[in-house]
There are 2 protein chains.
Amino acid sequence: MAEELRLPAREALRIDEVLIALGHPVRLRVVRTLADGREMACRDILPDMTKSSASHHWKVLRESGVIHQRREGRCLRTTLRRDDLDARFPGLLDAVVNG
Amino acid sequence: MAEELRLPAREALRIDEVLIALGHPVRLRVVRTLADGREMACRDILPDMTKSSASHHWKVLRESGVIHQRREGRCLRTTLRRDDLDARFPGLLDAVVNG
DNA sequence: TCGATGGTTCGAGTTGATTCGAACCGTACA
DNA sequence: TGTACGGTTCGAATCAACTCGAACCATCGA
């Protein structure tokens, strides 16, 4: 049963929280990994990190609105919220990915 | 004698360092204060902070390439490096200022 | 039903960033 | 000269963030 996790609406995205989320090398790497629009399983994105540490970063990215996660079975499928981020902060993601 | 402080060239700007610089409320406030293009004295931007703490933030902002500082007498005049940031990361500053 | 799996939560330890005072440096001005 | 001023640097203290293991929960497959 595919269920959605709570996450901020597009209008509620805050640039200060997004910048904090992006201001860490691990999370920046996550964003770049997802930049092509793929939907990936958590363990495929951060395979070398302990579950608890990874979960901490998922939470920061999710609550700041950078990523979307959807439960499929016992696995979380993760995508970048590119549409929402581009709508609210045009150019930001491009800078992150291309820079 | 107006002398320039060392700072990274436009081509050397790194998005990861810029994001770290912007991912702190004090430094984000500095950027927003300078967003209109003004050149301001340090003590006018962060009047309530001790000199040593403020100097720490100047260093982070300067070395990441977010701000430019120019010595004029015994005072530092600070400006946002809008041209360089817009050239390398189009849309980033607008998101920071308008978001 | 049972064991394995993917993630979360909790608490504690560790690391890193921020903050501050004191000492210092160079400039301006009396 | 000498003194006041704007910033930097240093070291130490504080605080926030990151990390990890253990316990836990829900789901899937046997």
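Below, chains carry the letters A, B, ... as their sequence lines are ordered, and counting in each starts from 1.
- In this structure, Arg27(A) reaches the sugar-phosphate backbone alone: every heavy-atom distance under 4.0 Å involves primed, P, OP1 or OP2 atoms, never a base.
- Arg88(A) has its side chain within reach of Arg10(A): a pair of non-hydrogen atoms, C-beta onward, lies under 4.5 Å apart.
- Among the nucleotides dT8(D), dG7(C), dT19(C), the one closest to any side-chain atom of His24(B) is dT19(C).
- OP1 or OP2 of dG6(D) sits under 4.0 Å from a side-chain N or O of Arg43(B).
- For dT8(C), the OP1/OP2 oxygens have a side-chain nitrogen or oxygen of Arg62(A) closer than 4.0 Å.
- Lys51(A) has its NZ atom 18 Å from the C1' atom of dC18(D), to the nearest Å.
- One finds a side-chain N or O of His57(A) lying less than 4.0 angstrom from the OP1 or OP2 phosphate oxygen of dT19(D).
- His56(B) has no side-chain polar atom (N or O) that falls below the 4.0 Å cut-off from OP1 or OP2 of dG7(D).
- In this structure, CZ of Arg74(A) is placed 5 Å from C1' of dT5(C), rounded to the nearest angstrom.
- In this structure, Arg82(B) pairs ionically with Asp94(B), as a charged nitrogen and a carboxylate oxygen lie closer than 4.0 Å.
- Atom-to-atom, CG of Leu61(B) to P of dG7(D) comes out at 14 Å; the value is rounded to the nearest Å.
- When each of dT8(D), dG6(D), dG21(C) is scored by its nearest atom to the side-chain atoms of Leu76(B), the top-ranked nucleotide is dT8(D).
- Between Ser55(B) and dT8(D), a side-chain N or O to OP1/OP2 separation shorter than 4.0 Å is present.
- Inspection of the Glu39(B) and Thr79(B) side chains reveals no N or O donor paired with an N or O acceptor under 3.5 Å.
- Going from atom CZ of Arg77(B) over to atom C1' of dT27(C) covers 14 Å, rounded to whole Å.
- Applying the 4.0 Å criterion to OP1 and OP2 of dT5(C), one finds that Arg71(A) has every side-chain N and O outside that range.
- OP1 or OP2 of dC20(D) lies within a sub-4.0 Å distance of a side-chain N or O belonging to Ser53(A).
- For Gln69(A), the side-chain atoms get nearest to dT8(C) when compared with the rest of dT9(C), dT9(D), dT8(C).
- Defined by atom type and a distance below 3.5 Å, a donor-acceptor pair is missing between the side-chain atoms of Ser55(A) and Ser52(A).
- Between the P atom of dC18(D) and the CZ atom of Arg29(A) lies a distance of 14 Å, rounded to the nearest Å.
- If you measure from atom CD of Glu72(A) to atom P of dC28(D), you get 9 Å, rounded to the nearest angstrom.
- Side-chain contact, His68(B) with Arg81(B): no donor N or O sits under 3.5 Å from an acceptor N or O.
- Sequence order on DNA chain D of the closest nucleotides to Ala41(B) and Thr50(A) puts Ala41(B) first from the 5' end.
- As a whole-Å value, the separation of Trp58(B) CH2 from dG6(D) P is 14 Å.
- Per the geometry, CD1 belonging to Ile67(A) stands 11 Å off P belonging to dG7(C), to the nearest Å.
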